[in-house]
Amino acid sequence: MSYASPREIRKVFNTIAKSFSRTRRRPWRYPLEIVNNHLEGPLADLGCGNGRHTLLMAMMGFECIGLDISPELLKMAKELVKAFNIHDVTDFVEADIRFLPFRDKAFRGIIFIATLHHISPRKLRIHCLKEVRRVLKPNSKAVVTTWTKLKPSAMLKCLLFKLKNPRAEFGDVLIPWKLKSQKVLRFYHLYTQRELEEDCFRAGLSILKSYRDYENHVVVVSRSS
Amino acid sequence: MKRWLMEILACPMCRHHPLELHVFVEKEEIEEAIIVCPKCLRWYPVIEAIPHMLPDELRNKKEDLEFLRKWKDKIPKVVLERGRPFNIKDLRER
């Protein structure tokens, strides 16, 4: 499905970068789930977007590397950390989440916030979680969040999409982003709590914590030995 | 891009670590450079201080060739001649 290809996702986020970034100012508190002082090394923010969480982690005193597929969003992230003068402890990389450009066990913690749901199909999402596992240090944690399909309007969208596209996975939807001159469609695979836990489990991650927070499903995971 | 990033960067295609860094412009941080995987000879550009570590399928041939042309005097010969996914042969074809 071309609307879920990495090339398409990159194009979509480059197009909407400016107005998208304006609606993504306040960070979630999920990064607090993974910070630790007993390990060395940097933290990673996979799918960092405009860098709001990279900034938060750097302000807590950790080296943090933000990764995103959209060069436009990365430029904004770089501006953001410069404005706060914590440029020294952050760095940004343009890359594809399916091919993480990091060595094994590089990070003392990883946040993977509202990013996994842009990947299709399920096999690839599990592959991405395996990549997260690969670059995570033993005894460190990652926090993974996705949007939910368990609310009436989202469920309706999922049903309609599945009726129109019988070969799609249930949960796949296209969500419009309105710009002045055009409407841009973003691909999402909306989750249930159980499904997110199962994907992590299949990727060899053990689940330390699992909860729903507003419209997000959240899991805190570590490498299972 | 900061120098310390090299401590954790690996080739996204063959996962080799460490990678080689050749810097062209450095101010407060590394602005323009090339990162080379010594194992598979893939190269990745650093442009406006951001390393572009994309897999082959997402690379933009036109932009990559422009980068090669711009820095051809400073890029190691082996990368120019045998680098992947694009090298000087692609430049000659154009």
Side-chain angles (χ1 to χ4, degrees), chain A residues 5-11 14 40-44 46 48 51 58 63-79 81-82 85-108 110 124 127-128 130-131 134-137, chain B residues 1-23 25-64 66-67 79 83-86:
Chain A
S5 74
R7 196 175 282 277
E8 182 63 22
I9 294 289
R10 176 183 165 93
K11 208 174 96 191
N14 275 340
E40 298 278 308
L43 297 169
L46 305 179
C48 66
E63 281 183 345
C64 186
I65 292 163
L67 175 147
D68 208 276
I69 200 164
S70 161
E72 292 305 319
L73 284 170
L74 284 171
K75 274 182 211 161
M76 290 177 197
K78 250 183 134 63
E79 290 296 315
V81 297
K82 263 187 194 152
N85 235 340
I86 42 158
H87 184 224
D88 290 358
V89 291
T90 57
D91 215 343
F92 294 94
V93 182
E94 180 187 326
D96 181 331
I97 223 99
R98 299 169 304 159
F99 298 86
L100 290 182
F102 305 118
R103 67 173 166 79
D104 296 358
K105 302 177 187 172
F107 298 107
R108 70 152 89 175
I110 294 173
L124 257 185
H127 168 80
C128 292
K130 282 184 186 159
E131 277 288 272
R134 177 178 70 80
V135 298
L136 202 56
K137 277 184 203 289
Chain B
M1 179 194 165
K2 317 290 176 347
R3 276 187 190 268
W4 54 263
L5 192 64
M6 293 309 291
E7 287 165 30
I8 59 160
L9 275 190
C11 177
M13 297 302 284
C14 78
R15 290 186 179 171
H16 181 80
H17 168 86
L19 304 179
E20 291 165 6
L21 174 71
H22 303 272
V23 179
V25 181
E26 186 167 8
K27 292 176 193 161
E28 272 173 56
E29 58 180 324
I30 297 165
E31 298 285 334
E32 303 276 321
I34 191 168
I35 295 168
V36 178
C37 173
K39 196 174 158 208
C40 70
L41 277 183
R42 279 192 180 75
W43 60 272
Y44 304 93
V46 179
I47 303 168
E48 291 176 29
I50 295 176
H52 299 236
M53 305 296 290
L54 294 172
D56 291 356
E57 63 186 272
L58 285 184
R59 294 189 63 151
N60 181 322
K61 189 170 179 179
K62 192 172 161 253
E63 285 171 16
D64 278 346
E66 269 165 31
F67 182 87
V79 180
R84 291 162 75 187
F86 309 116

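Keep in mind that this is a model prediction, so the values were computed, not measured. A note on names: the letters A, B, ... follow the listed sequences, proteins ahead of strands, and every chain is numbered from 1.
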Among B:Ile50, B:Leu58, B:Leu5, which residue forms the greatest number of heavy-atom pairs with chain A at distances under 4.5 Å? B:Leu58
Would you say B:Arg84's side chain and B:Leu41's backbone share a donor-acceptor pair under 3.5 angstrom? no
Compile the donor-acceptor pairs under 3.5 Å between side chains in residues 86-93 of chain A and protein atoms, sequence neighbours left out, one pair per line.
| residue | atom | partner | partner atom | Å |
| --- | --- | --- | --- | --- |
| A:His87 | NE2 | B:Glu29 | OE2 | 3.1 |
| A:Thr90 | OG1 | A:His87 | O | 3.2 |
| A:Asp91 | OD2 | B:Lys2 | N | 2.6 |

Counting only non-hydrogen atoms closer than 4.5 Å, does A:Leu74 touch chain B with its backbone (N, CA, C, O), its side chain (CB onward), both, or neither? both
At a heavy-atom separation under 4.5 Å, does A:Ile69 approach chain B through its side chain, its backbone, both, or neither? side chain
Could you walk me through whether A:Glu131 and A:Arg134 pass the salt bridge (charged side-chain N to carboxylate O under 4.0 Å, His left out) test, one step at a time? CA-CA 5 Å; A:Glu131 277 288 272; A:Arg134 177 178 70 80; 2.8 Å; yes
Applying side-chain hydrogen bond (donor to acceptor under 3.5 Å, both in side chains) as the test, list every pair that has at least one member in residues 41-50 of chain B; sequence neighbours left out. B:Arg42-B:Asp56
Side chain, backbone, both or neither: which part of A:Lys78 has an atom under 4.5 Å from a heavy atom of chain B? side chain
